[in-house]
Structures are given as structure tokens and as C-alpha cells.
Colleague: 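This is the structure, below, for whatever I ask next.
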Amino acid sequence: MLITIEGIDGSGKTTLAQALAEKFNFTYFREPGATILGEKIREILLNTPMFPETELLLFSAARSQFVTEKLRPALEEGHVILDRYIDSTMAYQGYGLGIDRSFIRSLNAQATGGLQPQLTILLDLPVETAMSRTGNRIGHDRIEVRGKNFFELVREGYLITARANPERFEILDGTLPPEKIFTEAICTIGRRLEVVI
Ligand code: Z5A
């Protein structure tokens, strides 16, 4: 079983994904990263100026390595929770940067060999709320500094994707306290995946 957690920066994805992984003893990975190559690409992606298409291809290269090296083997051993996956690329590079979405769909399929999550939890919240959580960080990365308009497009992109794929997505209110989101996520996992918890 593959569960992915998605949302704009500061939505609380990492907080939720790590809490779920700990509770259920699921393997946790974050994207981009998780492999030696992926961590190197992450560092370049977050700190080096580049064109939008270059950015897209680098995210996909990191994903391709990650799926084969880590994700498929981990799924053979048990359940996996992912902090970002294919829907991040559609939201950030597709809706945010305006790169052709059918190209992204096909690139996502190539990079993952068609491996889809059974459940994707989208933490949705106003951009201002998310920014107020990340605003005090020292040393914002290249993507974080894109500003409110960019993140409005990303948020909208996530919502469009979620509404188009209701069988896979559950949208949770990201403004709720972490404990409440955690409880709702547990109910969602139990209900959607018929897991006895
Ligand atoms: N990216 C992309 O463009 N395309 C792709 O295909 C992929 C990624 C895979 C990854 O950086 C960047 O790559 C990201 C998207 C892009 N954009 N940027 N920049 P990252 O992994 O460093 O960034 P992130 O994934 O957005 O992490 P984040 O900024 O840390 O946000 P988060 O994981 O959603 O939130 P958090 O770390 O759980 O919480 C943030 C703060 O809010 C923290 O102080 C928490 O204590 C607090 N928090 C968490 N939950 C709550 C609730 N419920 N209420 C109040 N406060 C909360």
C-alpha cells in the first residue's frame, strides 16, 4: 500500500506523514531525496537558478532513481508513506510554472513506471496561513521565495487534481490543529483502504 501526502509548503505534510509512519510502522520517504542521487539533486534544485523545464526534468530524474532504488523494494516489504510524489510535480511545475500538463503526466508515468498511490491525502489551507508558518525560516530556498501568486496557482492545481481523481484523493482541512488532522487521517486510511487499525 502506497499513501502519499501532498500540499503547499507549510501545509503540515511532513508533520502528518512522520506521525502516521511512526504510528503504523510504515516506511517514510520524502521527495525529492531518499537516495544519494536524489539528495544531491534536491540540493541543486533548491539552490541553483535554472529554467522551468530543467527543474521539471531534475525532479523526474530524482523520482526515477527513487522509485527503482527505494520505493519498489520498500513496497515489497510493507506499506509506505510518501511526503510528496507525482501530484507535487503537476501542482508546482504544471499549474505553478505553466509547463504543459500532458507532458508532465507522461513524464510522471515514465519516471514511476506507472506506480500510483492507493490514497493521496491533500492538506488544503489558505496560502497566507501556510506562509505564516514558513515565514520565519532562515534561508528560504529557490522555490519558497516564489511568492503568494505562485502558491495560489499551486494550491488551485492541487484542488483541480484532487477533484478530478476523487477515488484516490481525500482533502483534509490543513488549518486544523495537528492532532485533529492526525485523527482524521487515521479515519480516512481506515475507511478508504479498509485497514483494521
Ligand atoms: N517540489 C516540486 O516543485 N516538484 C516536485 O515534483 C516535488 C517537490 C517532489 C521540497 O522542499 C520543495 O520541492 C517544495 C516543493 C518542491 N517546495 N519548496 N520550497 P521541502 O521538502 O523542503 O519543502 P516542503 O515539502 O514544502 O516542506 P515544508 O515547507 O516543511 O512544509 P510541510 O512539510 O508541509 O510542513 P511541516 O514541516 O510539517 O510544518 C511546517 C511548520 O508548520 C512547522 O513549524 C510545523 O510545526 C507547523 N505545523 C505543521 N502542522 C501544523 C498545523 N496543523 N497547525 C499549525 N502549525 C502546523
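Note that the structure is a prediction, hence the values are computed from the model and not measured. Counting starts at 1 for both ligands and their atoms, in listed order.
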Colleague: Could you list which atoms of ligand 1 come closer than 4.0 Å to a heavy atom of Thr89?
Modeller: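 Counting from 1, the qualifying ligand atoms are 5 (C), 6 (O).
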Colleague: Short N/O distance, under 3.5 Å, between Tyr92 and ligand 1?
Modeller: no
Colleague: Counting only nitrogen or oxygen atoms and a 3.5 angstrom limit, does Tyr85 reach ligand 1?
Modeller: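 Not met; the criterion fails.
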Colleague: Heavy-atom count check: over 12 atoms from other residues, nucleotides or ligands less than 6.0 Å from Gln118 CD?
Modeller: yes
Colleague: Would you kindly say whether Tyr158 and Glu6 are connected by a side-chain donor-acceptor distance under 3.5 Å?
Modeller: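 A donor-acceptor contact under 3.5 Å links the two side chains.
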Colleague: For residues 34-74, which residue pairs qualify under ring pair (Phe, Tyr, Trp, His ring centres under 6.0 Å), counting only residues two or more places apart or in two chains?
Modeller: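 Listed by first then second residue: Phe29-Phe66.
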Colleague: What I want to know is whether Gly12 and ligand 1 share at least one N or O pair that is separated by under 3.5 angstrom.
Modeller: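 Yes: some nitrogen or oxygen of Gly12 is under 3.5 Å from one in ligand 1.
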Colleague: Starting from atom 32 (P) of ligand 1, find the nearest protein heavy-atom neighbour and note its residue, name and distance.
Modeller: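 In this structure, atom 32 (P) of ligand 1 has Lys13 NZ, 3.4 Å as its nearest protein heavy atom.
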Colleague: Quick one: which ligand 1 atoms are inside 4.0 Å of a heavy atom on Pro178?
Modeller: 51 (C), 52 (C), 53 (N), 54 (N)
Colleague: Any heavy atom of Arg142 sitting closer than 4.0 Å to ligand 1?
Modeller: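 So Arg142 does not count as touching ligand 1.
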Colleague: Considering only protein heavy atoms, determine whether one is less than 4.0 Å from atom 43 (C) of ligand 1.
Modeller: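 No, no protein heavy atom sits under 4.0 Å from atom 43 (C) of ligand 1.
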Colleague: Compare every heavy atom of Leu125 with every heavy atom of Gly174, then report the nearest pair and how far apart it is.
Modeller: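 For Gly174 versus Leu125, the nearest heavy atoms are O-CD1, 3.9 Å.
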Colleague: Which residue and atom name correspond to the protein heavy atom nearest atom 46 (O) of ligand 1, and how close is it?
Modeller: Thr15 OG1, 4.5 Å
Colleague: Mark the output for Arg63 as yes if a heavy-atom distance to ligand 1 is under 4.0 Å, and as no if none is.
Modeller: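 It does; at least one heavy atom falls under 4.0 Å.
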Colleague: Check the pair Arg30 / Glu39 against salt bridge (charged side-chain N to carboxylate O under 4.0 Å, His left out), numbers first and verdict last.
Modeller: CA-CA 10 Å; Arg30 69 166 179 181; Glu39 289 297 339; 3.1 Å; yes
Colleague: Could you identify the single nearest non-hydrogen protein atom to atom 3 (O) of ligand 1 and state the distance to 0.1 Å?
Modeller: Gln93 NE2, 2.9 Å
Colleague: Of all the non-hydrogen atoms in the protein, which one sits nearest to atom 7 (C) of ligand 1, and at what distance?
Modeller: Phe59 CE2, 3.4 Å
Colleague: Under the salt bridge (charged side-chain N to carboxylate O under 4.0 Å, His left out) rule, what do Arg84 and Asp9 come out as? Steps first, then yes or no, please.
Modeller: CA-CA 11 Å; Arg84 296 196 181 281; Asp9 304 42; 3.7 Å; yes
Colleague: Starting from atom 21 (O) of ligand 1, find the nearest protein heavy-atom neighbour and note its residue, name and distance.
Modeller: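 Protein heavy atom with the smallest distance to atom 21 (O) of ligand 1: Arg42 NH2, 3.1 Å.
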Colleague: List the residues meeting side chain to side chain contact (heavy atoms under 4.5 Å, CB included) with Lys148, not counting sequence neighbours, and say none if there are none.
Modeller: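 Scan of Lys148 (side chain to side chain contact (heavy atoms under 4.5 Å, CB included), adjacent residues dropped) gives Val127, Glu128, Met131, Glu152.
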Colleague: Just verifying a value: how many Å separate Ile8 CD1 and Thr134 OG1, rounded to the nearest 0.5 Å?
Modeller: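 The CD1 atom of Ile8 sits 8.5 Å away from the OG1 atom of Thr134.
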Colleague: Quick one about Thr175 and Thr129 (side-chain donor to acceptor, distance below 3.5 Å, no hydrogens or angles considered), yes or no?
Modeller: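 Result is no, nothing qualifies.
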Colleague: Which residue from Lys180, Arg84, Glu179, Arg30 reaches closest to atom 14 (C) of ligand 1 through any of its heavy atoms?
Modeller: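 It is Arg84 whose heavy atom sits nearest to atom 14 (C) of ligand 1.
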Colleague: For ligand 1, which is the ligand I care about here, please tell me if Leu176 has any N or O atom under 3.5 Å from one of the ligand's N or O atoms.
Modeller: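 Between Leu176 and ligand 1 (N or O atoms, distance only) the closest approach is under 3.5 Å.
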Colleague: Could you report the tightest heavy-atom contact between Arg192 and Glu167, atom names first, then the distance?
Modeller: NH1-O, 3.1 Å
Colleague: Just so I know, are the side chains of Asn108 and Arg63 near enough to count as touching, which here means a heavy-atom distance under 4.5 Å?
Modeller: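 Heavy-atom side-chain distance check passes, below 4.5 Å.
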Colleague: In terms of residue, atom name and distance, what is the protein heavy atom nearest to atom 17 (N) of ligand 1?
Modeller: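 Checked against all protein heavy atoms, atom 17 (N) of ligand 1 sits closest to Asp9 OD2, 3.0 Å.
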Colleague: Minimum distance, heavy atoms only, to atom 55 (C) of ligand 1: which one of Gln18, Met90, Glu55, Arg133 is it?
Modeller: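 Nearest option to atom 55 (C) of ligand 1, by heavy atoms: Arg133.
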Colleague: Is it the case that ligand 1 has an N or O less than 3.5 angstrom from some N or O of Ser11?
Modeller: yes
Colleague: Hey, which atoms in ligand 1 end up nearer than 4.0 Å to a heavy atom of Ile181?
Modeller: 53 (N)
Colleague: Any link between Leu122 and Leu153 through a network of hydrophobic side chains (Ile, Leu, Val, Met, Phe, Trp, Tyr) touching at under 4.5 Å?
Modeller: no
Colleague: Starting from atom 31 (O) of ligand 1, find the nearest protein heavy-atom neighbour and note its residue, name and distance.
Modeller: Gly10 N, 2.9 Å
Colleague: Around atom 37 (O) of ligand 1, find the nearest protein heavy atom and jot down its residue, atom name and distance.
Modeller: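 That would be Thr14 CB, 3.8 Å.
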Colleague: Could you tell me if the side chain of Arg142 sits less than 4.5 Å from the side chain of Met50, heavy atoms only?
Modeller: yes
